[in-house]
Each structure stands twice: as C-alpha cells, then as structure tokens.
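Before any comments, here is the structure.
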Amino acid sequence: MSTLNDPANQPLDVAPALAKKLDKLGLRRRFDLVLHLPLRYEDETHLFPIADAPYGQPVLVEGAVSTHEVQFRPRRQLVVRIEDSAGASLVLRFIHFYPSHLKQFAEGNRIRALGEIRRGFLGDEMVHPKIRQVDDGAPLADSLTPVYPTVNGVTQPMLRKLIRSELSRQRMEETLPAGMADSLRLMPFAEAVRLLHNPPPDYSAIQLSDPMLPAWQRLKFDELLAQQLSMRLAYRARRQGKAARLQGDGSLSRRLLESLPFALTGAQRKVLDEIVSDLRQAHPMHRLLQGDVGSGKTIVAALAALHAMEAGFQVALMAPTEILAEQHYRKLAGWLAPLGIRVSWLTGSLRKKQKQAALEEIANGEARLAVGTHALFQDDVAFQRLGLAIVDEQHRFGVGQRLALKDKGVEPHQLMMSATPIPRTLAMSFYADLDVSVIDELPPGRTPITTKLINNARRTEVVAYVDKTCAEGNQAYWVCPLIEESETLQLQTAVDTHLQLAEALPHRQVGLVHGRMKPDEKAAVMAAFAAGELQVLVATTVIEVGVDVPNASLMVIEHAERMGLAQLHQLRGRVGRGSARSVCMLLYENPLSDLAKARLKVIYENVDGFEIARQDLQIRGPGEFLGARQSGVPMLRFADLEADVSLLEQARELAPLMLQRHPEAVEAHLDRWLSGREQFLSA
Ligand code: ADP
Ligand code: MG
C-alpha cells in the first residue's frame, strides 16, 4: 500500500508558488523528481580557445569583456564582445535581455559562454549563449551537465538542486522481483537513475543520448512494464464487473440472415461468434471490432444487437456524425422493422417534441434499438434495460463519453467498431485492456480500386472523367479541400466547386453536402444521392466515415496533400463497394512538402488499411492515433513503441507473471511509476 509516510510519496517540500509550477511538470511527490530525467546534456568540462572552437556544436569558451553596447538596428539587442587569453574575440548577441543583465558585462569581467558559434555579420558570434561570470581560473565541471524539461520560472539550477537532494534521500529500491533485472540483463534501477542524473566523467553527450544506453533501456523497460501492469489490472477489474448474461436464442438473427441478399463472410461469422460468446458472460464485454473500410461491420453490429434483443434487452448504437447515424438508422430500421422491432432515433437536432417522444420510447422499453449521435450519451437518456452499447467509428469519440455511458445503472456490454486499424505495437500497449476482433476479409464481388495521383492543373480532364462515369450509370463523389484555418473558407470552396461542376456538367444532377447544413437538409441530399437522383455529390469531409452508396464508383479528392492517411483511406473506401470498376483520383498541388509526398506515396501504393496505418504510425508517431485514448491511459515519457518494441515484448511477457507471483512487487512498481498520475481506465 502506498502510504503518505513513505518518503517517496510525500509531497514536495517547496514553497506553494514553486509547487504550482513544478506541478505543471508532473512533479508532485518527492519520488517524481527522481524520475524527472534529463532531456539532454551540456558539456562544460572542456574549454575551447575561441580560434579553435568548432562550428555546428555547442562549445564552452571564456574571455574578458572588451566592449558591450545596446544596438537598435535592425532591432533592439545587446552586443557583447569578449576576448580570450590568446587574443581571439567573439561576439555574444542577446535579443532578450534586461538592464540588470548589463552589469555582468562590465568591461574586463570574465565570462564563460556556452553555445554554438556561427559566422555572423561582425565575424564569429554566439546568439543567446548560456553565460556565467567567473573568476580567472575557475574550475570546470568534471562531468556533463544535465538539462531537464522545465517551465517558465523554474531554472535549471533550481531543478538540479532539488533533484540532487532527492537522489541522496531516496532509497531507490529495486521494484523488480529478485533476480529479474539480472536475468533480463537490465541495469539495476538505482544505478540507472544515478547515471542519468549524474553522468560519470568519462561519458560523452552522444553516449548519454543514445537510446540503447543500458540506463535508458532500464527506465524505458520499467515504464513499459508499469503500463502493461496497469492495463492488465484494468482488464481484470472489468472482468470482475457485473453485467447481464445475454442468452439469445437466435430466433431474430436467423430471420434477418434469411432476408439478406448475401451470406456472411467467414470473417464476419468468426467475429460474430466472438462477440456473442462475450455477450453470454456475466461481466461486461469491451470488444473492439476492427475491419477495413467496407468489410461489413454494420451487419455484424445488427446481428449482435439482435442477440441482445432476443435476450430481452435494449441496444444503443452511436455514431460520431449525424450523417452516419442517420444512415445507420435507415439501414437498421430497414433490416429490423420487418421483424417487428421498433428502432428509435435520437440526435441533438431533434425538435423538443420529437425528442421527448424518443426519450419516452427508450425509457419505457418500446424502442428495442436506439440509434443516434452523442445525444445518446446525455444524462436525460434513461434506458429501460440497456444490455449492449455499440459505438461506431470509436476512434472519433472521446474516452470520457465512453465512461459516461457506463455510469448508467446496469453496466452494458460494449462493442466498439473502427475502420482505423491499430498497429501492432499500439494494440500491445495502449489498447491492451480491450479484446479485439478483426474482420480480415472483404465481402466477395468487390472490384479493386484504382488510385491515381493527378496534378490539379489537369482538372478539366478530371471533370470529363466524372461525366464519363455518370454516362456509364455510376455516381461520383467530389471532396473539397480541407481548409484548417477557416471553416468559412472551406464552406465557400465547397459552394464554389458545386457551382463550377454544375455549370460544367449541365446535363447531370450535382448535389452539395457540407457540415453547416441542417441535419434534415443533409439527410435529404444524402438520400437523393443514395437513390441515384443525384449523380455527383460535392462534399466537404463530412462524408469521411461510413457512408455507403454502392453505385458510387468515382472518388475525387481535391488537395489530397492536405489530408491525413487515415482520412484518405476512409474517403477512398467510399467507392469500390459495388460491382463497377472504381477509381479514386487524388488531386494535388505543387509544391509538395516531404510529409505530403510520403503520405501520397503510401496511399498510392497500398490498399490494405493495416499496412497504411502501420506506415502512418511511422510517419507521424503515436500521438494522433491516441487522440481518443489519451485520458486515463498511462502515457509514455521515455519509451518509443517502434524503437523499443523488444522491450515492450519483454514487459508484456513479464507482466502476467509478476501479477501472479509477486503482487507486492506490482504494487511497488505501479506506485513508483503511476502514483499521482491517472493509472487505470476506470473499469
Ligand atoms: P464498414 O465495415 O465499412 O462499416 P459496411 O457495413 O457499411 O462496411 O458494409 C459495406 C457494404 O457491404 C454494405 O453495402 C453491406 O451491405 C455490404 N456487405 C456486408 N457484408 C456483406 C457480405 N457478406 N457480402 C456482400 N456484401 C456485404
Ligand atoms: Mg461503417
């Protein structure tokens, strides 16, 4: 048990104003200081003669001030010239300075300056070096100086002093079970921490920044292990939670299957089995259903829902946008109404009376299935007997919303669906508390999509191709560019594009849908497109997720270079759903940034969502992927999932063993790494 008497857990012994600043750095308990590790190191062990100092790396030089002046052109700045004992001189330039700084630059004062020398207008110079006034012959540092992450108002010397004193006070016991560090060839914890805070004299800055340094490896391992333990505990806690066993008898789902024009794929049957066997358990399911765009998740959701209804429970299905929710509503009502099942519809945009009616149906149990947006999460929604909550495009919702749902009375089973595949390393770490089912096969009869990269200069040819597609009886999407700086501008572009296309294609029906339209207007346009009354649909990225119109076979995406890979993949997946040969045209504008080039290459060369996600993770790191997971999941400060995958694997192997055989070690380890930070996804 972590106790307040434990010196590691005692709050920092500093003035309240400083405590507040340190809090921003995540420094609350005394032990947090021990784990506050340097970002990099500065070398103040060696003094360079000014004339011999290399360019392009930080160097320490020393000299006497020969002149100093405040200049006003091109802007206000302080220019100090120092001269070393060999007679070589160097300019120190400061843009930000206070009058009080001037004192130390009195003529003749000895100054030590640490910085990079570059060639300037007045000869060699350092801009904003780190400076110190010294006496002649002042000793040099005997080892490298750590530089810590910090915030305004907390200086490096303050941090160094706090950390140093804590290092001497803390016991820094080993949290791994006896012999474990050895057998994993890991450096002892205390040794690793001491080395990183106080590097021995013979270590260079390059050695110390090497992620393979045994000391760093040890800390990364400990961090990854804490994450694994915490995720496993969250998983366990959930398995101990109570949920209703849903014992469906298959009567409804059989009827739906019989009415479908297609048979389930093997992959759909497999994931459905996994879901249904979870629903029969007495603890809540938290299962993530992954399947590439178009893999047929909706019918799986419908069949899972029927299983819950057969058992006498209600089901909620949530989607992140009105368009998508509306489409699910139509589709599900179309499938379920013939079975005599009442489906109700709830979004924020309903008029008060309609909303009241929906709430009533949901509360008295008349509605067996409620489909809607975020509105379904709201407090005024009370189900009579909710057994299963399904969340589509899970990655677009925040974790908080997931939790709010769990608070309502009985804990429902949860099925989360996502077309954004989670790369393996993320699945092993940040998503380790969920069970995952994967639909790894597309329904038969799909035609592969041809992807073309086209310079925007060839727009007229693209418009001609749209016309040809329509002439063949198919339909086209035209997606307008994302303009992050201004929603108004984005809207304007969509309106303009719509006008241009309508003008260029006078014999075609061209529709427009964008985020600012009222929900019923949007729904009307989407319905007209689905019915084939519109042949071309100009859209902002509102159609990104889930829209399903099999007859659409052409997707044009303008300024594709501005979009992320997941988004491009989602958009492209709107076509290739019917039997017609489908094409996705990615229009781009030069010049392309390296990042844009890399992305376009990936989307051009790959159709497999998993491969795209993997490369995406490589290009941009896990941050954005984790958007929806961030709160409640222990984040990583030191480890890097791609680079440290073998440490991650080791931690993953050790975690269950430790939980089983060394519960006290688990407690000590989690206390060290996560105490004071959010540690569990509340189960
Ligand atoms: P997503 O996984 O992207 O949500 P959908 O559930 O929207 O995919 O399914 C895409 C399309 O494939 C829909 O038109 C759906 O009716 C159809 N579909 C689903 N399963 C099958 C199947 N087994 N055989 C043929 N078509 C299917
Ligand atoms: Mg879908």
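The structure displayed is predicted, hence computed values, not measured ones. All values below were derived from every heavy atom in this structure, side-chain atoms included, with hydrogens, water molecules and symmetry-related copies excluded. Atoms within a ligand are numbered from 1 in the order they appear, just like the ligands themselves.
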Could you list the atoms of ligand 1 found under 4.0 angstrom from a heavy atom of Arg577? 3 (O), 7 (O), 10 (C)
Using a heavy-atom cut-off of under 4.0 Å, does the side chain or the backbone of Gln570 touch ligand 1, or both, or neither? neither
Taking side chain as C-beta onward, heavy atoms only, is Tyr477 less than 4.5 Å from Val575? yes
Which bit of Gln268 is near ligand 1, meaning a heavy atom under 4.0 Å away: side chain, backbone, both or neither? side chain
Consider salt bridge (charged side-chain N to carboxylate O under 4.0 Å, His left out). Of Asp433, Asp278, Asp273, which one does Arg287 pass it with? Asp278
Any carboxylate oxygen within less than 4.0 angstrom of a Lys/Arg side-chain nitrogen, looking at Lys522 and Glu322? no
Would you tell me whether His559 and Asn456 have side-chain atoms, one donor and one acceptor, within less than 3.5 Å of each other? no
Number the atoms of ligand 1 from 1 as they appear, then name those within less than 4.0 Å of a heavy atom of Val293, with their elements. 3 (O)
Tell me whether Gln314 contacts the main-chain N or O of Gln384 through its side chain, where contact means a donor paired with an acceptor under 3.5 Å. yes
Backbone, side chain, both or neither: what part of Leu264 comes under 4.0 angstrom of ligand 1, heavy atoms only? backbone
Heavy-atom contact under 4.0 Å between Gly291 and ligand 1? no
Element-labelled atoms of ligand 1 that are located less than 4.0 Å from some non-hydrogen atom of Thr265: 23 (N)
Tell me yes or no: between the side chains of Asn606 and His569, is some donor less than 3.5 Å from an acceptor? no
SB check Asp435 Arg238 (cutoff 4.0 Å): yes
So which of Pro261, Pro444, Gly296 gets nearest to atom 8 (O) of ligand 1, if we judge by its closest heavy atom? Gly296
Short list, please: which atoms of ligand 1 are under 4.0 Å from a heavy atom of Thr298? 4 (O), 5 (P), 6 (O), 7 (O)
Does a side chain donor of either Glu611 or Gln615 reach within less than 3.5 Å of an acceptor in the other side chain? yes
Ala419: heavy atom below 4.0 Å from ligand 1, yes or no? no
Answer yes or no: is there a donor N or O on one side and an acceptor on the other, between the side chain of His307 and the main chain of Gly248, under 3.5 Å? yes
How does Ala263 reach ligand 1, if at all, at less than 4.0 Å between non-hydrogen atoms: by side chain, backbone, both, or neither? backbone
Out of curiosity, is Lys331 lining ligand 1, as in a heavy atom under 4.0 Å away? yes
Numbering the atoms of ligand 1 from 1, which are under 4.0 Å from a heavy atom of Pro443? 20 (N), 21 (C), 22 (C), 24 (N), 25 (C), 26 (N), 27 (C)
